[in-house]
Amino acid sequence: MILLTGCDLNFWKMQGHQTTMVASGPVAASQLSLFYVTCWVTFVIFVIVGAVLAYATVKFKARSDADEHAEPPAQGHGNPMVEIALIAASVFSLVIIAVPTLRGIWYTHDVPEAQAANAYNITATGYQWWFKFEYPEKIDGGAALVSGNELVIPAGRPVRIQLRTTDVIHSFWVPKLAGKVDMIPNRGNFLWLQADEPGYFWGQCAEYCGDSHAVMRFRVVALAPIEFAAWVAHQKEPARSVAAAAGATAGPRPQLATFKKNEYGFSEKWSDDPSVNPLKNWLDQQKPAATEDAALIAEGKALFTTKTCLACHSVRGHTGAFGWAPDLTHIGARTTIAGGLLENTPAQLARWISHPEQVKPGNKMWALGYSDTGMKIKVSDTEAVALAAYLTSLK
Ligand code: HEC
Ligand SMILES: [Cu+2]
């Protein structure tokens with residue numbers, strides 16, 4: 001008990017964000033039940049072997065000096081019946097594990113036939129160190145609807161995810177829903193998952209892929225069908241524009257908050273506390289802030305072009321067309337930025353924009369954009385604050 005106090009209780013209860021001990025969909029449930037079968041079988045073996053070992057240790061231990069120096073007893077060649085029985089018992093326990101394993105492999109491989117027609121198809125692409133998601137819906141002009149780092153899916157419906165990568169091997173893992181399946185160059189892997197109820201789930205790259213592998217995260221948001229349809233319809237729209245009232249002047253400019261290097265990027269509302277509903281946080285994030293400063297947003301919008309952010313990012317309807325970096329059209333409505341590493345608040349956005357290298361080692365925005373060998377972009381603190389205000393307004 002003394003050991004436990006002072007430690008994170010959620011760790012011991014195994015209820016954290018990325019626990020596999022909570023299954024929120026059929027694929028994760030199948031994997032979890034297989035885990036339990038294996039645990040129980042090995043536990044029974046452990047108890048039997050342990051008991052026999054303890055019995056033999058006590059029963060045959062040397063009890064006196066004379067015992068210790070006595071001749072060893074006559075040696076036998078084992079008992080064939082015991083050996084056959086042990087082999088049979090081993091085979092039997094392997095069969096107990098193998099049957100549900102094979103059933104699980106078949107079940108998790110692809111959406112069950114009865115539901116295949118209802119499956120929703122998404123393509124997920126791994127980039128060092130973030131995820132891109134492509135939806136089956138098309139935006140005007142015929143391109144696929146894309147988003148980054150937050151995968152929104154319909155709850156209660158099977159989702160088949162094609163797994164691709166643009167660079168090295170990544171692995172797609174949403175512990176409470178399904179995983180892990182690798183994203184391998186030149187190979188078309190896929191997996192399926194389903195969230196039984198609307199919810200908010202943490203995902204993580206599960207294959208070492210370079211500098212920032214450990215913080216290559218993403219989120220899955222499962223919505224009821226009607227909300228999901230509304231989300232898709234909104235995502236298809238171009239970026240939101242904030243019009244300044246005639247004659248309005250910019251309010252006091254927020255200061256750039258200071259952060260320590262590697263400082264954790266989430267506020268209290270993202271705690272493991274079960275009374276906190278992360279889906280509510282996500283829904284709150286969809287609404288524009290009441291205190292928007294249109295003049296500051298306009299300044300940020302202009303900076304987005306002059307600071308050449310558009311060379312890598314696109315804000316559909318405003319600027320940028322390449323989009324090999326995360327699409328920022330609706331970035332303001334996401335709960336996280338930088339591959340799920342930071343909470344999406346104006347302060348964290350400005351932190352990221354002013355010094356991405358201090359937050360996420362090696363990230364490509366820094367390596368190819370800001371570093372001395374890249375495009376040598378320099379963003380001042382005041383500019384970062386304006387850019388953050390602009391991006392926050394993109395709901
Ligand atoms: C050289 C290409 C490049 C340039 C230029 C660039 N970025 Fe990025 N940006 C990236 C990449 C790549 C990422 C993903 C980094 C990661 O998460 O590892 C990113 C991530 C971001 C994110 C987080 C996106 C998300 O989905 O979480 C924001 C916000 C952002 N950049 C804003 C900007 C702004 C503002 C500028 C201009 C000052 C800019 N970027 C310039 C490549 C670039
Ligand atoms: Cu990865």
Side-chain angles (χ1 to χ4, degrees), residues 124-133 146-151 163-173 180-185 203-219 265 299-315 318-320 322-346 348-357 359-371 373-381 383-394:
T125 309
Y127 286 73
Q128 283 172 319
W129 291 272
W130 60 282
F131 289 88
K132 180 169 96 182
F133 302 111
V146 293
S147 79
N149 295 320
E150 255 175 35
L151 172 62
L163 303 169
R164 303 287 182 266
T165 171
T166 44
D167 36 52
V168 300
I169 301 178
H170 301 278
S171 184
F172 185 93
W173 187 35
K180 319 154 176 172
V181 176
D182 279 5
M183 307 167 123
I184 301 175
Q204 164 86 46
C205 173
E207 176 70 53
Y208 179 70
C209 58
D211 290 25
S212 274
H213 156 70
V215 290
M216 178 170 170
R217 301 175 193 161
F218 62 102
R219 300 291 189 271
E299 185 186 327
K301 185 176 176 183
L303 282 168
F304 196 82
T305 303
T306 53
K307 292 288 164 186
T308 57
C309 314
L310 54 73
C312 303
H313 295 284
S314 106
V315 177
H318 288 188
T319 186
F322 305 105
W324 69 267
D327 184 290
L328 303 181
T329 310
H330 296 283
I331 177 89
R334 273 189 239 150
T335 43
T336 64
I337 53 162
L341 176 59
L342 304 175
E343 181 181 345
N344 189 5
T345 60
Q348 296 289 354
L349 267 169
R351 173 192 187 188
W352 169 257
I353 293 165
S354 60
H355 285 295
E357 80 284 8
V359 183
K360 196 170 185 182
N363 76 79
K364 303 292 182 203
M365 171 153 150
W366 175 76
L368 305 175
Y370 288 53
S371 74
T373 49
M375 295 155 68
K376 301 189 183 164
I377 300 173
K378 297 276 178 282
V379 181
S380 73
D381 289 3
E383 288 166 343
V385 167
L387 280 161
Y390 166 58
L391 294 176
T392 303
S393 76
L394 301 176

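Just so you know, ligand 1 is whichever comes first in the structure, and atom 1 is the first atom listed for that ligand. In this chain, numbering begins with 1 at the start of the sequence shown.
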Evaluate the ring planes of F131 and F172, with Trp represented by its six-membered ring, and classify them as parallel (under 30°), tilted (30 to 60°) or perpendicular (over 60°).
perpendicular
Measuring to the Cu ion (ligand 2), does H213 have an N/O/S atom at a distance below 2.8 Å?
no
Element-labelled atoms of ligand 1 that are located less than 4.0 Å from some non-hydrogen atom of T308:
5 (C)
Any side-chain heavy-atom pair from M216 and Q128 closer than 4.5 angstrom?
no
What angle, in degrees and rounded to 10°, do you get at the Cu ion (ligand 2) when you join it to SG of C209 and to SG of C205?
120°
How far is atom 16 (C) of ligand 1 from its nearest protein heavy atom, and which residue and atom is that?
K360 NZ, 3.2 Å
Is it the side chain (CB and beyond), the backbone, both or neither of L368 that lies under 4.0 Å from ligand 1, heavy atoms counted?
both
Who's the nearest protein heavy-atom neighbour of atom 23 (C) of ligand 1, and how far?
A338 N, 3.6 Å
Do K307 side-chain atoms and V379 backbone N/O form a donor-acceptor pair below 3.5 Å?
no
Give the contacting part of I337 toward ligand 1: side chain, backbone, both or neither, where contact means a heavy-atom distance below 4.0 Å.
both
Could you tell me whether W324 approaches ligand 1 through its side chain, its backbone, both or neither, with non-hydrogen atoms closer than 4.0 Å?
side chain
Measuring from the Cu ion (ligand 2), name the closest N, O or S atom belonging to H170.
ND1
So for ligand 1, is N363 a polar contact partner (N or O within less than 3.5 Å, distance only)?
no
Give the atom numbers and elements of ligand 1 that come within less than 4.0 Å of a heavy atom of L349.
29 (C)
Determine, stepwise, if the pair N344 / T335 fulfils side-chain hydrogen bond (donor to acceptor under 3.5 Å, both in side chains).
CA-CA 5 Å; N344 189 5; T335 43; over 6 Å; no
Taking only heavy atoms of G339, which atoms of ligand 1 are found under 4.0 Å from at least one of them?
17 (O), 27 (O)
Indicate yes or no for a side-chain donor-acceptor contact from N363 to the backbone of P356 under 3.5 Å, with no hydrogens or angles considered.
yes
Keeping D327 on the side-chain end and V146 on the backbone end, is there a donor-acceptor pair under 3.5 Å?
no
Heavy atom under 4.0 Å from ligand 1: found in L303's side chain, backbone, both, or neither?
neither
A325 neighbourhood, listing ligand 1 atoms whose heavy-atom distance to it stays under 4.0 Å:
10 (C), 11 (C), 42 (C)
Which ligand 1 atoms, with their elements, are less than 4.0 angstrom from a heavy-atom of L391?
29 (C)
Within the distance-only criterion (no hydrogens, no angle test), does the side chain of S212 pair as donor or acceptor with the backbone N or O of V215 below 3.5 angstrom?
no
Just let me know how P326 lines up against ligand 1, side chain, backbone, both or neither, with a heavy-atom cut-off below 4.0 Å.
side chain
Identity of the nearest option to atom 41 (C) of ligand 1, non-hydrogen atoms only, from G300, C309, S212, A384:
C309
Please work out which of H313, K378, M216 has its closest non-hydrogen atom nearest to atom 7 (N) of ligand 1.
H313
To check your reading of the model: name the closest protein heavy atom to atom 4 (C) of ligand 1, its residue, and the distance in Å.
C312 SG, 3.3 Å
For ligand 1, which atoms sit closer than 4.0 Å to a heavy atom of I377?
5 (C)
Quick one: nearest non-hydrogen protein atom to atom 10 (C) of ligand 1, plus distance?
M365 CB, 3.2 Å
Would you check whether G369 has a nitrogen or oxygen atom less than 3.5 angstrom from a nitrogen or oxygen atom of ligand 1?
no
With atom 22 (C) of ligand 1 as the reference point, say which of Y390, Y370, W352 has the nearest heavy atom.
W352
Residue, atom and distance of the protein heavy atom nearest atom 26 (O) of ligand 1 read R334 NH1, 2.4 Å
Quick one: does Y390's side chain have a donor or acceptor within less than 3.5 Å of a partner on A302's backbone?
no
Taking 4.0 angstrom as the limit and counting only heavy atoms of N149, give me the atoms of ligand 1 inside it, by number and element.
25 (C), 26 (O), 27 (O)
Backbone or side-chain N/O/S of M216 under 2.8 Å of the Cu ion (ligand 2):
yes
Considering the heavy atoms of K364, write down every atom of ligand 1 situated less than 4.0 Å from one of them.
12 (C)
